[in-house]
Amino acid sequence: MTREEIVRALSEILRDVTDLPRERVDEDKAFIADLELDSLRMVQIVVAAEDRFGVTISEETAWELRTVADAVTLIEDALEPEATHAAGGRGDR
C-alpha cells in the first residue's frame with residue numbers, strides 16, 4: 001500500500017468519525033490544533049485505523065501521534081514488515 005493510499009484511507013476514516021471534509025485532511029494537519037479532535041475521537045480513529053489496515057497501535061504510541069503524517073508513517077511502518085515477509089516468502093519457494 002502506498003503512502004498516498006494510506007492518506008486517502010485515513011482521510012476516509014477521519015471523515016467517517018468526525019464529519020471533516022476530505023479537503024481539510026492532509027499530512028501537515030495536527031489532530032488537536034488543526035482538526036480540533038478530542039481524546040475520544042482519537043481513540044475512535046485509532047480503532048478504525050487498526051481495523052482498516054490490520055495493524056495494532058499501542059495505547060502509548062497512539063497518544064504520541066500529533067499529526068496526520070505521524071499516523072501515516074506509523075501505519076506505513078507497521079505494514080512494511082508484512083510486505084517484506086510476503087516478498088521473502090515467495091522467494092523462498
Side-chain angles (χ1 to χ4, degrees):
M1 181 172 266
T2 67
R3 188 169 183 92
E4 183 178 301
E5 291 169 329
I6 295 169
V7 170
R8 190 175 316 119
L10 193 56
S11 295
E12 291 171 7
I13 291 169
L14 285 162
R15 187 183 64 229
D16 291 345
V17 171
T18 66
D19 294 326
L20 285 170
R22 178 180 268 174
E23 303 79 44
R24 281 202 56 205
V25 179
D26 58 48
E27 289 194 61
D28 68 337
K29 299 292 184 182
F31 288 116
I32 295 171
D34 297 324
L35 302 177
E36 301 174 1
L37 302 181
D38 60 20
S39 58
L40 176 60
R41 293 283 189 231
M42 285 301 297
V43 169
Q44 293 171 320
I45 290 164
V46 167
V47 169
E50 287 178 322
D51 290 345
R52 169 64 177 85
F53 297 105
V55 300
T56 300
I57 301 170
S58 72
E59 185 176 335
E60 180 180 297
T61 301
W63 293 120
E64 293 174 359
L65 297 175
R66 300 288 178 247
T67 65
V68 173
D70 292 343
V72 172
T73 299
L74 175 70
I75 293 164
E76 195 174 43
D77 290 347
L79 292 173
E80 187 174 295
E82 179 181 299
T84 302
H85 177 70
R90 286 192 303 265
D92 293 341
R93 291 185 183 179

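Position 1 is the first residue of the sequence, and the numbers go up from there.
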Are [X] and [Y] side-chain neighbours, meaning at least one heavy-atom pair lies under 4.5 Å?
X     : Y     : result
Val43 : Trp63 : yes
Ile32 : Leu37 : no
Leu20 : Arg15 : no
Leu35 : Val68 : yes
Phe31 : Met42 : yes

Q) Between the side chain of Asp70 and the main-chain N/O of Thr67, is any donor-acceptor distance below 3.5 Å? A)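 Yes, the answer is positive, given that a donor and an acceptor are paired below the 3.5 Å cut-off.
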Q. Would you say the side-chain atoms of Ser11 pair up with the backbone N or O of Val7, donor to acceptor, closer than 3.5 Å?
A.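 A pair under 3.5 Å: yes.
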Q) Should Arg41 and Glu36 count as an ion pair when the cut-off is N to O under 4.0 Å? A)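 The answer is no: the pair does not qualify as a salt bridge.
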Q: Inspect the contact between Arg8 and Glu12 and indicate whether a charged nitrogen and a carboxylate oxygen are less than 4.0 angstrom apart.
A: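 No, Glu12 and Arg8 are not salt-bridged.
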Q. Do Ile57 and Met1 share a hydrophobic cluster, counting only Ile, Leu, Val, Met, Phe, Trp and Tyr and linking them when any side-chain heavy atoms are less than 4.5 Å apart?
A.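 Same hydrophobic cluster.
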For the atom pair [atom1] ([X]) and [atom2] ([Y]), what is the distance rounded to the nearest 0.5 Å?
X     : Y     : atom1 : atom2 : value
Thr61 : Leu74 : OG1   : CG    : 6.5 Å
Ile6  : Arg52 : CD1   : CZ    : 9.5 Å
Ile75 : Glu5  : CD1   : CD    : 13.0 Å
Gln44 : Asp38 : CD    : CG    : 8.0 Å
Ile45 : Leu65 : CD1   : CG    : 10.0 Å

(Q) Is it the case that the side chains of Arg3 and Thr73 hold a donor-acceptor pair, with the cut-off being a distance below 3.5 Å and no angle test? (A)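 Yes, Arg3 and Thr73 have a side-chain donor paired with an acceptor closer than 3.5 Å.
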Q: Measure across Leu10 and Phe53 and return the closest heavy-atom pair with its distance rounded to 0.1 Å.
A: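 The pair with the smallest heavy-atom distance is N-CZ, 4.2 Å.
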Q: Check Ala49 against Val55 and note the closest heavy-atom contact, atom names and distance.
A: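 That closest heavy-atom pairing would be O-CG2, 4.3 Å.
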**Q.** Heavy atoms from other residues, nucleotides or ligands near CD of Glu59 exceed 12 (cutoff 6.0 Å)
**A.**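 Check fails, neighbour count at 12 or below.
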